[in-house]
Number of protein chains: 2
Amino acid sequence: MTPLYAQVKSHILDQIRSGTLTAGKRVPSENELVTQFNISRMTANRALKELTADGFLARVPGVGTFVREATPRTSLIELRNIADEIAARGHRYSSRIEDLREINATPNLIKDFEFKSASPLFHIAIVHEENGMPVQFEDRYVNPFSAPNFLKQNFAEQTPTAYLLALLPADELEHNVEAIMPDANQQRRLKITNVEPCLSLHRRTWSGGHVVTSATLIYPASRYALYSRYNTGAKPQ
Amino acid sequence: MTPLYAQVKSHILDQIRSGTLTAGKRVPSENELVTQFNISRMTANRALKELTADGFLARVPGVGTFVREATPRTSLIELRNIADEIAARGHRYSSRIEDLREINATPNLIKDFEFKSASPLFHIAIVHEENGMPVQFEDRYVNPFSAPNFLKQNFAEQTPTAYLLALLPADELEHNVEAIMPDANQQRRLKITNVEPCLSLHRRTWSGGHVVTSATLIYPASRYALYSRYNTGAKPQ
DNA sequence: TGTATAAGGTTGTATATACAGTATAGTGCG
DNA sequence: CGCACTATACTGTATATACAACCTTATACA
């Protein structure tokens, strides 16, 4: 049984995703949600407060709660599923798998995965699309000891990130960001016509002390920015 | 008057910072906080819930609330002084101030600083050099209400970051990373001869609920990469 | 016309209370 | 000794209520 506040959150998120509620629109007030869902105001308050903390809504005391501008940003801190992000913007997600097989680790990959000797690895190359437009090229290697059934998954249904996160909780992350000029191969995959700089995000993910996966994600700069925000826990004033 | 739940949050954060509460240690239960602060359990619950959402605590139903492993935050996460970084590499740091004055906030800057109306702002443009070679171009705006004496500082002695950090602790950060092609102005300042992509890091810093400073830092890609690694604190087994 | 006031709606905070779910420690029984 | 049960502590969720702060709009008044 999902909690009431979560049901209200889903309901509002669905409306944002479906386009019923667009950026700037006013969402129902707490009291309106009370009568609409037959819940208490504190429950409605929790739903709206959490959606605000998640960055979907903005609240103005004395005025109302509004849908925030959808910023095509991806979080550096959290691991987010790109399919969900695109859906949250009310857009259509699709993907094109360009490679999916077992390979032998190169010396660099052995180092990446902290292996002591040569080992097989799973590899996937996949292009993520938003409304048919490529927005991310994912080049990922996976530890076969951590996810032995990786190759058998249907990645048209579920992204590699979603599958791996459901299988193994990520307890440590490493990110490395660079600005690059895409090579001919990457340009073709991302359907870049005029040459533009891209963000290259290299991410390693640990679970239980082992490197589970190592991925290079390439974003065309004009279509994506990486975003992170957090509380440092420093003394408030 | 700061709200009660915020006071409780500060109290617990203080104990974590001071070392009274270390990683893995148990924090007072909701009921213990009730008697300790003479508040209701819902208020204690809010404080602990928000500290959990901020990543400082982990809660286990039926057991208790615990301090999470300190996240090893680097470069992208931590605020570092570039002069210190360069000195740590045994190289010579120098800087060239290109602008330092009061300006009027543009609409975009008003939004950045969460102002309600037009306001003056301080601006500094400074090129940081390592062994005489430009390695970062810093374009920074500063809230005059937070740092009224900013313009009077000697930034040949102390970087703007160092001055602001000493004056006001950063309790919240926002980063936005993009890959850009530098314009002619930026190329000249960074002494880039052949055109190469750059990392653009936009950072906003909060202190006491106010945006203290908003800075755009530009790194020539071939000379810098941004790195972060941290523990997500997923399920403490 | 301009200004002060009042009313009503909205969010923000705080309390008291209740019940459910989960983990642990202890107790008693076979 | 081992196992089932129970009591207890803790978090998670939900409700009803209250008051404060804030904003907008309508109204009354000078």
Side-chain angles (χ1 to χ4, degrees), chain A residues 1-13 15-16 21 24-68 169 231 236-237, chain B residues 1-13 15-16 21 24-68 114-117 172 206 208-210 233-237:
Chain A
M1 191 54 186
T2 59
L4 288 176
Y5 77 90
Q7 291 179 35
V8 177
K9 283 179 70 174
S10 297
H11 179 258
I12 294 172
L13 272 180
Q15 289 196 307
I16 294 175
L21 282 173
K25 276 260 190 73
R26 186 178 168 283
V27 297
S29 74
E30 297 181 357
N31 280 319
E32 286 167 346
L33 290 174
V34 164
T35 59
Q36 188 177 338
F37 286 91
N38 199 31
I39 55 177
S40 77
R41 186 167 85 87
M42 289 311 294
T43 302
N45 177 274
R46 175 166 184 180
L48 294 181
K49 188 163 63 183
E50 290 193 4
L51 284 174
T52 304
D54 292 344
F56 293 103
L57 305 178
R59 315 197 75 185
V60 183
V63 182
T65 305
F66 304 90
V67 179
R68 256 186 48 173
N231 199 306
Q237 91 328 90
Chain B
M1 195 52 191
T2 59
L4 288 178
Y5 77 90
Q7 292 178 33
V8 177
K9 283 179 71 174
S10 296
H11 178 258
I12 294 172
L13 273 178
Q15 289 195 306
I16 294 175
L21 281 174
K25 275 263 190 71
R26 186 178 169 280
V27 298
S29 75
E30 297 182 355
N31 280 319
E32 287 168 345
L33 290 173
V34 164
T35 59
Q36 187 175 339
F37 286 91
N38 199 31
I39 57 178
S40 77
R41 186 167 85 87
M42 290 308 294
T43 303
N45 177 275
R46 174 166 186 180
L48 294 182
K49 188 163 63 184
E50 291 192 2
L51 285 174
T52 304
D54 290 344
F56 295 102
L57 304 178
R59 314 197 76 184
V60 183
V63 182
T65 305
F66 304 89
V67 179
R68 262 183 45 173
E114 299 172 346
F115 285 152
K116 300 196 173 173
S117 60
E172 197 168 355
W206 279 258
H210 300 287
K235 203 76 179 173
Q237 328 83 19

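Sequence lines set the chain letters: A, B, ... in the order given, protein chains first and strands last, and positions in each chain run from 1. These figures come from a predicted structure and were not determined experimentally.
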Completion exercise
The salt bridge (charged side-chain N to carboxylate O under 4.0 Å, His left out) partners of K49(B) (sequence neighbours excluded) come to none
Practice task
Establish, with yes or no, whether the OP1 or OP2 oxygen of dG9(C) is under 4.0 angstrom from a side-chain nitrogen or oxygen of S29(A).
Solution key: no
Completion exercise
Whole-Å distance, L48(A) CG to dT10(C) C1', equals 11 Å
Problem - Side-chain touch E50(A)/R46(A), heavy atoms, less than 4.5 angstrom - result: yes
Handout entry: Under 3.5 Å: donor-acceptor pair, side chain of E114(B), backbone of H210(B)
Key = no
Handout entry: Any Q15(A) side-chain heavy atom under 4.5 Å of K25(A) side chain
Key = no
Practice task
Tell me which of G62(B) and N31(A) sits closer to the 5' end of DNA chain C, going by the nucleotide each one is nearest to.
Solution key: N31(A)
Handout entry: Close side-chain approach of V27(B) to I16(B), heavy-atom, < 4.5 Å
Key = no
Problem - Min side-chain heavy-atom separation F37(A)-V8(A) under 4.5 Å - result: yes
Problem - Sugar-phosphate or base contact per nucleotide [nucleotides 13-20 of chain C; S, B, -; heavy atom under 4.0 Å] - result: BBBBBB--
Exercise for the section: Examine dC10(D): is either OP1 or OP2 under 4.0 Å from a nitrogen or oxygen in the side chain of R59(B)? Give yes or no. Expected result: no
